[in-house]
Amino acid sequence: MLRQTPASPLLSLPGAVPAEAPDEGVAAHYGDLFREQRALADGSGFVDLSHRGVVTVTGAERLSWLHLLLTQHVSDLTPGHATEALILSAHGHIEHAVSLVDDGETTWMHTEPGTQEALIAYLESMKFFYRVEVADRTDEIAVVYLPAGSIAEVPGHTVVRETPHGRDLFLPRAELEAFAAAHGPAIGVLALEALRVEAHRPRLGLETDHRTIPHEVGWIGSAVHLQKGCYRGQETVARVHNLGKPPRRLVFLHLDGSEVHLPPHGTPVRLAADGEEGRQLGFLTTSARHHELGPIALALVKRNVPVDAPLTAGGTAAAQEVVVEP
């Protein structure tokens, strides 16, 4: 059972509407979804991600140790360099996804809400004689997202993870309300999710299920380093990359804008020509309303689905764009 992080104090801000699973505890929006999306796209405001799990690893051997466990090359990670990585099962299925940065003394990671305890349990089981310490910092540290182009000043003591998409701040939770007052407007997670879908970026637990391998969702390269071994599941990664194709592939969908409701996560995807009685070819992973593109979604479908075939998601017409090549 996933442990819930205490609800964010920013849910008391005017207009705040609580988010639903898997983002309980923070705001879905603050009253105007499209205005919030446009602000993010313009580099304004911030998103409260204080429901995400925060884990730190300290000790002189932390990077060499993590290098053995993660899909990413981190043994020589320089301070301030942001990256992302996965933990796989022995069969190559994705179990954890972490966004990380090292500050020279500590490796900081944030992960999906409520998954930090399982992540820590795995890391603890792999310590052996390595001089490392793993800690759950979720109750004291809040993740805050600043969009690319933001000119917000970050407190000097704050650990920052800077990526092409924006900056993740590891902010002391006690400073969250003061930060919001100084750096608003506050923006809900639905706006960030819409921009994530537009950018074709997968999210653990939404674009993945218990069978997902990294190749299916486009995590090869960004989260999986192909020139390193020594991690659990590496044999599957190498075999599929060198000898075959993944059984499924991530696609981007433009949904019929005349529908009132967005199809939810898990909605069956079928060929439009076969109708709703046709064979299920995959499932919708995330849907969103975008301020420019209208209703959009990501879906995971069988690799052999023709790339130009019109699809439906729960009866909603969907035109696909290739994310992962078949």
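Residue numbers count from 1 along this sequence.
Clustering of Ile, Leu, Val, Met, Phe, Trp and Tyr by side-chain heavy atoms under 4.5 Å joins Phe34 with Leu33, Leu190.
Ring planes of His183 and Phe179: tilted class, angle from 30 to 60°. Using cut-offs of 30° and 60° on the angle between ring planes, the pair His73 and His225 is tilted.
For His157, the NE2 atom sits in a packed shell: over 12 heavy atoms of surrounding residues, nucleotides or ligands are nearer than 6.0 Å. Annotation for Tyr130: atom OH does not count as buried by contact number, only 12 or fewer foreign heavy atoms lying within 6.0 Å. Around atom CD of Glu321, more than 12 heavy atoms belonging to other residues, nucleotides or ligands sit under 6.0 Å away. When the shell of 6.0 Å around CG of Leu243 is examined, it contains more than 12 heavy atoms from other residues, nucleotides or ligands. Counted within 6.0 Å of NZ on Lys228, heavy atoms from surrounding residues, nucleotides or ligands total more than 12; the atom is thus considered enclosed. Other residues, nucleotides and ligands contribute only 12 or fewer heavy atoms inside 6.0 Å of the CD atom of Glu133.
Taking Asp209 as the reference, Arg248 meet the salt bridge (Lys or Arg N to Asp or Glu O under 4.0 Å) condition, with sequence neighbours excluded. With sequence neighbours left out, Tyr145 forms a ring pair (Phe, Tyr, Trp, His ring centres under 6.0 Å) with no residue at all. Tyr30 pairs by the ring pair (Phe, Tyr, Trp, His ring centres under 6.0 Å) definition with nothing, not counting sequence neighbours.
For residues 61-86, the salt bridge (charged side-chain N to carboxylate O under 4.0 Å, His left out) pairs, not counting sequence neighbours, are Glu61-Arg131, Arg62-Asp102. Applying the salt bridge (charged side-chain N to carboxylate O under 4.0 Å, His left out) definition to pairs two or more places apart or across chains, those involving residues 273-293 are Arg270-Glu276.
In this structure, Arg203 pairs ionically with Glu112, as a charged nitrogen and a carboxylate oxygen lie closer than 4.0 Å.
Put simply, the side chain of Val74 reaches to within 4.5 Å of the side chain of His67, judged on heavy atoms. Counting heavy atoms from C-beta outward, Leu253 and Leu298 have side chains that stay 4.5 Å or more apart. Looking at Arg232 and Ile87, their side chains come closer than 4.5 Å, going by heavy atoms from C-beta outward.
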* List the steps and the verdict of side-chain contact (heavy atoms from CB on, under 4.5 Å) for Thr106 and Val159. => CA-CA 10 Å; Thr106 301; Val159 176; over 6 Å; no
* List the steps and the verdict of side-chain contact (heavy atoms from CB on, under 4.5 Å) for Trp219 and Thr212. => CA-CA 11 Å; Trp219 258 329; Thr212 306; over 6 Å; no
* Would Leu100 and Thr83 count as a side-chain contact (heavy atoms from CB on, under 4.5 Å) if you check the C-alpha gap in whole Å, the side-chain angles of each, and the deciding distance to 0.1 Å? -> CA-CA 6 Å; Leu100 61 92; Thr83 191; 3.3 Å; yes
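Formation of a donor-acceptor pair under 3.5 Å by the Thr236 side chain with backbone atoms of His91 is found in this model.
In the hydrophobic clustering of this structure, Leu311 groups with Leu262; members are Ile, Leu, Val, Met, Phe, Trp, Tyr whose side-chain heavy atoms approach within less than 4.5 Å, directly or through other members. One hydrophobic cluster holds both Leu70 and Leu77 under the rule that ILVMFWY side chains link at heavy-atom gaps under 4.5 Å.
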